[in-house]
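In each ligand, atom 1 is the first atom listed, and ligand 1 is the first ligand listed. Computed from a predicted structure; not experimentally measured.
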Amino acid sequence: MHLNLLFLASAAMATLAHPGPHESLSHSTLQRRNMQGKRCSEHVASFNKRRMAKRSLAKRWEGSDHNTTYEIHTEAPFYETINNDTCVLAPEVTRGPYVWPRSQTLRQDMTEDQVGVPLWLDIGVISMDTCEPLPDALIDFWHCNSTGSYSSFTGLSPNTPFEELLTNMNITDYDLGVTDLHTGDTTWLRGMWPTDANGMMEMKTIFPGFYVERAIHIHVQVYIHWTTRENGTVVAGNTVSTGQLYFDEQLEEKIMAIDPYFSHTEIKRTTNAKDSIFSQGFDGGYNPVISVVPADGKDVKNGMIRYVTIGVDTSDIETFN
Ligand SMILES: *[C@@H]1O[C@H](CO)[C@@H](O)[C@H](O)[C@H]1NC(C)=O
Ligand SMILES: *[C@@H]1O[C@H](CO)[C@@H](O)[C@H](O)[C@H]1NC(C)=O
Ligand SMILES: *[C@@H]1O[C@H](CO)[C@@H](O)[C@H](O)[C@H]1NC(C)=O
Ligand SMILES: *[C@@H]1O[C@H](CO)[C@@H](O)[C@H](O)[C@H]1NC(C)=O
Ligand SMILES: *[C@@H]1O[C@H](CO)[C@@H](O)[C@H](O)[C@H]1NC(C)=O
């Protein structure tokens, strides 16, 4: 608890200095993750092979310890290629100011009415402690729409720097995770789904756009031992991983040139190289930029599948309420 508060306080201070807060991981944590990653690399490769083999099987999720009225069944993840990248996400990577658990619901398609290039996030979770797939982990995603807005925060301009937004709202004591900035109850491009018995899940969304001062990214958080309300939002859970996923610069150029992304002309897009948080995703030698494959086997502009293996450190838990 004490550690949590410390984290929130320093993260909030960092927010004011940069468009997004981030604390660097300690040397010992990085070293431990590096070793875990090396130790698990072969397991990750064989996990990916098993995922390929299972792709035509629809698995029914039969967890009984979650108090939810939602019937959860995981669609067979859909991917055509194996990427051998492990992306380890740490609790220390920022959730940013647009985290909003009350709008995150259990579903496998979080698009709603948002227009953009279809994107399937195909996720496998592996525990870095055991190097085994982690079933029943809740994977939580949120990102902006094709012109930079976040649901539940649509009253905040995606083109105004965060500090300026705070100034305009007369907020002088912003505290990340505490100060309530939400402006509505829309839920688009927010969703969560648990991994199945094989540690796999899939989420359908659209390719995100961009907002001021940040590279294109998708927020992702992993919970274990979670419970949900009747409306499918999380009551409580232990966060074992918080991170941001990025895309390749060339792919971004291609997608930003088409409708409706290209209508976002008010600001210049921040590239990965210029982003203040991007480089932190590589801490410990991992790669948060994972390649994509075209869903139709031809053109990513028609839709794409992104295959990510997330290695989580189940001994590094942050309690979330
Ligand atoms: C995945 O990466 C590991 C570590 O670099 C390597 O040993 C393994 O052969 C790779 N597997 C595949 C299928 O590429
Ligand atoms: C589950 O939720 C319902 C409705 O909120 C409540 O009545 C019930 O006691 C809960 N059950 C458990 C096991 O927590
Ligand atoms: C779910 O229920 C909680 C508690 O009643 C509420 O705060 C939240 O806004 C609801 N979220 C959705 C998406 O219905
Ligand atoms: C993104 O969301 C904002 C806020 O709701 C909306 O004004 C905008 O039209 C949306 N972008 C697209 C391309 O629909
Ligand atoms: C912020 O404070 C100024 C000066 O006191 C006031 O004119 C303005 O209406 C306030 N804005 C908001 C959003 O409360």
Ligand 3 N/O within reach of T187 N/O, cut-off under 3.5 Å: no
We want to know whether S103 and S152 form a side-chain donor-acceptor pair, criterion being a heavy-atom distance below 3.5 angstrom. yes
Quick one: does atom 10 (C) of ligand 5 have a protein heavy atom under 4.0 Å from it? yes
Determine whether L181 and F162 make a side-chain contact, defined as any pair of heavy atoms from C-beta on separated by less than 4.5 Å. yes
The option among N231, T105, V235 carrying the non-hydrogen atom nearest to atom 1 (C) of ligand 3 is N231
Looking only at protein heavy atoms, which one is nearest to atom 14 (O) of ligand 5, and how far off is it? N170 ND2, 3.4 Å
Below 4.0 Å from any atom of ligand 4, is there a heavy atom belonging to Y150? no
For N168, the ligand 5 atoms with a heavy-atom partner under 4.0 Å come out as 13 (C)
Ligand 4 versus F153, non-hydrogen atoms closer than 4.0 Å: side chain, backbone, both, neither? neither
Protein heavy atom at shortest distance from atom 5 (O) of ligand 4: T154 CG2, 3.4 Å
If the cut-off is 4.0 Å to any non-hydrogen atom of T233, which atoms of ligand 3 fall inside it? 1 (C), 11 (N)
Charged tip of R306 within 45° of F247 ring normal and under 6.0 Å: yes
the protein heavy atom lying closest to atom 6 (C) of ligand 4 turns out to be N145 ND2, 4.2 Å
Determine the interplanar angle of the W142 and H219 rings, folded into 0 to 90°, and report it as parallel if under 30°, tilted if 30 to 60°, perpendicular if over 60°. parallel
Distance alone, cut at 3.5 Å: any donor-acceptor contact between the side chains of D140 and Y223? yes
For atom 12 (C) of ligand 4, the protein heavy atom that lies nearest, with its residue and separation: T147 OG1, 3.8 Å
Side chains of H225 and D136 only: does a donor on one sit below 3.5 Å from an acceptor on the other? no
Indicate whether the side chain of T270 and that of E213 have a donor and an acceptor atom separated by less than 3.5 Å. no
For atom 7 (O) of ligand 3, what's the nearest protein heavy atom and its distance? R102 CD, 3.8 Å
Contact atoms of ligand 4, heavy-atom distance to S146 under 4.0 Å: 13 (C)
I'd like to know if R107 pairs up with E112 as an ion pair, taking the criterion as any Lys NZ or Arg NE/NH1/NH2 lying under 4.0 Å from an Asp or Glu carboxylate oxygen. yes
Ligand-side contact atoms (ligand 4) for residue partner W188, heavy atom cut-off under 4.0 Å: 2 (O), 5 (O)
Scan side-chain atoms only and decide if R95 and Q244 contain a donor-acceptor pair under the 3.5 Å cut-off. no
Numbered in order shown, the ligand 3 atoms found under 4.0 Å of a heavy atom of R229 are 2 (O), 3 (C), 4 (C)
If we only count heavy atoms from C-beta on, is the V312 to L134 side-chain gap below 4.5 Å? yes
